[in-house]
Every structure is written in structure tokens, then in C-alpha cells.
Amino acid sequence: MQLRFSQKFSFGFRTHSSAAAGSSKLDVSKIPRMQRGLPRSQALPGVRHILAVASGKGGVGKSTVSANIAVALSLLPQREQVGRKLRVGLLDADLFGPSIPMMMNLKGSPEIDSGRNSLEPLVNYGIKCMSMGFLVGENAPVVWRGLMVMKAVEQLLRQVDWSDTDVLVIDMPPGTGDTHLSIAQLVPISGALLVSTPQDIALADARKAAGMFRQLNVPILGMVNNMSFFTCEKCHHQTRIFARSEGASGIEAMAQNFGTTVLGELPLLPGVAALSDEGKPVALMYDDVEDHNHHSHNELDGLKQTARIYKSLAEILWDELENDRKLSAGSQPIT
């Protein structure tokens, strides 16, 4: 595995391939030494707000939400400048399992701006994107220890050209580990959005993520209840597949405990998964968009309703980021 963009963009880690095909080992002498003390938090030049999207749990649709929130934000008007929409960046901070390249339909390696000594993000749908998936082979595993992760996170934040960005959305990895702590220590996070499905096993980890942000003094702007219900196309019966037996999801109680609210409920739709695999965020399926995938009438209605939910979530989050205040607990979620 070779992680060199150039001599200046190697993350400090080089690998030496062995004679056996596909095998490599790290050159331990190139691993940077731990700096003394904690890194100093500094704003990213040209970035107005940083929004962290986290879940604590893998497999709850956090990356899908991150990509669609980024797209939905980019469709909003920049109120201070008439005629301009928000400029949005999307950082895939899941170094070990990057999903953003596929979800944003992006491939290739980032170019280097030698003048600024920085990497140029790849762009699609007007979103500036950066991911470890652009820097390693498609099927290459990233097998790193914590110090290497911390160094990579710092360079993805500080040695990528994020300038002229209204909102940088960070798709956080599962858990509450080195990546989360490094980001919170390196840059001021404007707010966090928590994503969970309704079942207890997902909420247990969401609580840990919420507790982590509380310890790091990062405001929790709200929660999203993902895959909250499924509607049958034929009979239109709505089933809350992942809900508790008594019918209440438990996510509202958790939000209240952490002084926030459930901003919206996203349905479980097969079409959303299909669009994500094709690199087409469902947030683009707004009312007047042309359907090139020939969805059924009911499925298309569901996709457009989901796009409207993302638009409403983006509006709420942008207001929260600009107003620097918390939503009052008990507000009704968008469905």
C-alpha cells in the first residue's frame, strides 16, 4: 500500500513491498513521534462552520445522511449574497471504511496545489470532497495504529484546500476513538448531528457518542431517526420495523436526556440504498427532477418526500449553525 501523493504529502508513512504479491509492511522509522501536549484547536482558513455527523454505531446510515445533508445544504441560498448558494465541503473521516467516494460517485486521486502546498478536493454535485478512499487502492485496507490515524486526520483537515466553504460536513467514523478526539482537538466543531435507528442496540452507542460530544463541549444540534418506518407500496401500511415492542422508539427520550430534539424521521426505502450505490444522493430527487431510473409512482413519491425531509433538515441545521443556539427539546420531528 503506497500513500504518497508527493514527497510532501506522504502522511509521513511509507511502505515497502515484499516479494510476495500484494504484501507490504510499514517503514516504522517514518512514523512521526508524538508531539508533547495536546494539539491547539485552530479554525480552518476559509471555513465558516464545521458540522460533525456521528452515530457511535456502524450500519445505521450515518454516511448516507452525511452525504445527503451536504447536498441539501448546497441547495440552500446564501442569504448574505443574493443569487449564491451555500458552498459545502464533505470530509470522510472514516479512514478504515470510507464510503463517501461511492456515495458521491467520485474516483481518482486529488491534485496537488504546489503554490498552496495543499491537496485539491474532488468535486461532484458542487460538493468539495476528501476521503482516504481517494488516496489508497479501492480494495486496499488501511491497517494503522492510533498515532498514524491522528497524523492522517490532521493532514486531511489542514493540508486540504477547504477555503471558501460555508459548511464543512464531517462524516465521523463509528465509535468514540482517536479520530473523534483528534478532530475535536484540532478544529472548533460548530455542532454535531447524531444519527441512529430506533432499536436499543443502536441507541446504546448513540448515547456514548452524545456523551463524548458533551465532554468535548461540542453542541448537539439534534438527532435524526433513520430507517424509522417502512411503508408497503401495495397496501400503504406503515411498519416501524426497528421500533421497541411498546411502539415508542426511545430516541425521543434519549434526545430529551441530552437537551436536544429529534429533528426528523427518515423512512426505510430500498430506492435510497440503490441510489447510494449508484452515487446519486436522494437529496437531489426534489419535486421537479426528472426520473431517469424509472421508479414506480409510489417509490418516486417516497424518494421525493425523503428529499424534502433532507431539505428541511438542512434548513434547520443552517439556522442553528448561524444562530449558534440549541433547538428546544420537544419539537416535532420532520417526517
Side-chain angles (χ1 to χ4, degrees), residues 1-17 24-45 47 50 52-54 58 62-63 66 89-104 106-113 116-122 128-163 165 168-189 212 216:
M1 179 174 67
Q2 186 76 7
L3 290 182
R4 284 174 51 191
F5 326 132
S6 71
Q7 289 184 341
K8 293 184 179 180
F9 290 96
S10 62
F11 285 125
F13 317 127
R14 298 187 182 182
T15 60
H16 297 302
S17 298
S24 62
K25 64 179 182 178
L26 287 167
D27 183 356
V28 179
S29 66
K30 299 297 180 182
I31 299 177
R33 294 181 179 180
M34 175 70 77
Q35 296 179 348
R36 292 185 179 182
L38 295 175
R40 187 175 62 177
S41 176
Q42 293 180 325
L44 293 179
V47 176
I50 296 177
V53 182
K62 170 188 52 60
S63 294
S66 297
L90 178 57
L91 172 59
D92 187 350
D94 192 346
L95 307 186
F96 302 104
S99 301
I100 296 305
M102 177 179 288
M103 290 189 172
M104 296 297 289
L106 285 168
K107 289 185 178 181
S109 300
E111 295 183 357
I112 301 171
D113 185 333
R116 293 188 178 186
N117 193 29
S118 64
L119 286 174
E120 291 293 329
L122 275 65
K128 296 186 288 188
C129 302
M130 183 53 65
S131 170
M132 183 59 69
F134 302 144
L135 307 175
V136 299
E138 186 174 355
N139 298 314
V142 176
V143 187
W144 286 354
R145 293 184 184 275
L147 179 58
M148 301 169 73
V149 172
M150 294 163 64
K151 179 65 175 177
V153 167
E154 181 177 8
Q155 292 193 272
L156 287 173
L157 285 168
R158 301 218 176 274
Q159 290 185 267
V160 173
D161 183 11
W162 296 115
S163 61
T165 298
L168 176 60
V169 178
I170 302 183
D171 180 23
M172 305 288 271
T176 56
D178 290 329
T179 301
H180 308 75
L181 187 58
S182 296
I183 292 173
Q185 290 174 343
L186 287 167
V187 294
I189 301 176
M212 173 193 67
L216 296 172

Does any non-hydrogen side-chain atom of [Y] lie less than 4.5 Å from one of [X]?
| X | Y | answer |
| --- | --- | --- |
| M103 | S63 | yes |
| M130 | W162 | yes |
| L156 | L95 | yes |
| Q42 | L186 | no |
| V47 | V187 | no |

From [atom1] ([X]) to [atom2] ([Y]), nearest 0.5 Å:
| X | Y | atom1 | atom2 | answer |
| --- | --- | --- | --- | --- |
| L119 | L135 | CG | CG | 6.5 Å |
| M148 | K151 | CE | NZ | 12.0 Å |
| D92 | S99 | CG | OG | 6.5 Å |
| L181 | L216 | CG | CG | 6.0 Å |
| L91 | L168 | CG | CG | 6.0 Å |
| M150 | Q185 | CE | CD | 7.0 Å |

Short question: side chain of [X], backbone of [Y] - any donor-acceptor pair under 3.5 Å?
| X | Y | value |
| --- | --- | --- |
| D171 | S66 | no |
| K128 | S163 | yes |
| R158 | V153 | no |

For the student: nearest non-hydrogen atoms of [X] and [Y], plus distance:
| X | Y | answer |
| --- | --- | --- |
| K62 | V53 | CD-O, 3.5 Å |
| F96 | V142 | CD2-O, 3.0 Å |
| S41 | P188 | OG-N, 3.4 Å |
| G108 | L122 | O-CD2, 3.9 Å |
| T165 | G89 | CG2-N, 3.6 Å |
| C129 | F134 | O-CE1, 3.6 Å |

For this session: Assess whether atom CD of E111 is packed by more than 12 heavy atoms of other residues, nucleotides or ligands within 6.0 Å.
Result: no
Only pairs under 3.5 Å count here: list side-chain donor-acceptor contacts from residues 172-179, not counting sequence neighbours, and write none if there are none.
none

Problem set entry | Test item: side-chain donor near acceptor, D161 and S118, under 3.5 Å |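 No, no side-chain donor-acceptor contact under 3.5 Å.
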